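Contents: one structure, followed by commentary.
Heavy-atom basis, side chains included; hydrogens, waters and symmetry copies ignored. The shown structure was predicted, so the numbers you read here are calculated from the model rather than taken from an experiment.
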Amino acid sequence: MTIAKEERGRWKKGESGNPRGRSPGTGKVAQLRENIAQHLPEIIEQLVIKAKEGDSQAARLLLERVIPPVKSMEQSVKISFPVDADLSTQGQSIIQAVANSFYWRY
């Protein structure tokens with residue numbers, strides 16, 4: 001049985017250079033995942049019990065998998081101050097605008 005190659009000497013997409021190689025899903029990682037999957041309901045149940053008892057690592061593991069991480073967002077802040085004001089007054093205006101913006105978000 002010969003397997004056709006492309007002109008550049010590479011295997012065609014979807015064709016293996018070793019057609020009789022190891023079947024997918026027969027490696028050690030696949031076996032480990034299958035073993036874990038069999039016990040998954042009990043593992044999750046124990047994690048929930050430990051989290052309720054105060055185990056912060058169990059709670060963190062559960063929450064990280066259930067709740068998506070918070071992403072930071074930039075928010076524009078409208079700043080208005082008199083152009084003829086001194087730098088100190090302009091700086092105070094900037095700080096006040098940022099503080100007001102933060103206050104309304106939370």
Can you give each donor-acceptor pair under 3.5 Å made by side-chain atoms of residues 33-43, sequence neighbours left out, with the distance rounded to 0.1 Å?
none

When rounded to the nearest 0.5 angstrom, what is the spacing between CD1 in Ile44 and CZ in Arg65? 11.0 Å
Side chain to side chain donor-acceptor pair (under 3.5 Å) contacts touching residues 43-63 (sequence neighbours left out): Arg60-Glu64
Can you sort out the partners of Asp84 under side-chain hydrogen bond (donor to acceptor under 3.5 Å, both in side chains), two or more places apart, ordered by chain and number? none
Other ILVMFWY residues reachable from Leu63 by side-chain steps of under 4.5 Å: Val66, Ile67
I want to check something: taking the side chain as every heavy atom from C-beta on, are Asp86 and Thr89 in contact at a cut-off of under 4.5 Å? yes
Can you name the nearest heavy-atom pair linking Leu62 to Ala51, along with the distance? CD1-CB, 4.0 Å
How would you list all residue pairs meeting side chain to side chain donor-acceptor pair (under 3.5 Å) that involve residues 90-99, not counting sequence neighbours? Gln96-Asn100
Assigning hydrophobic clusters by single linkage (Ile, Leu, Val, Met, Phe, Trp, Tyr; side-chain heavy-atom cutoff under 4.5 Å), is Val48 placed with Leu61? yes
Please list, chain by chain and in numerical order, all residues satisfying side-chain contact (heavy atoms from CB on, under 4.5 Å) with Ile95, sequence neighbours excluded. none
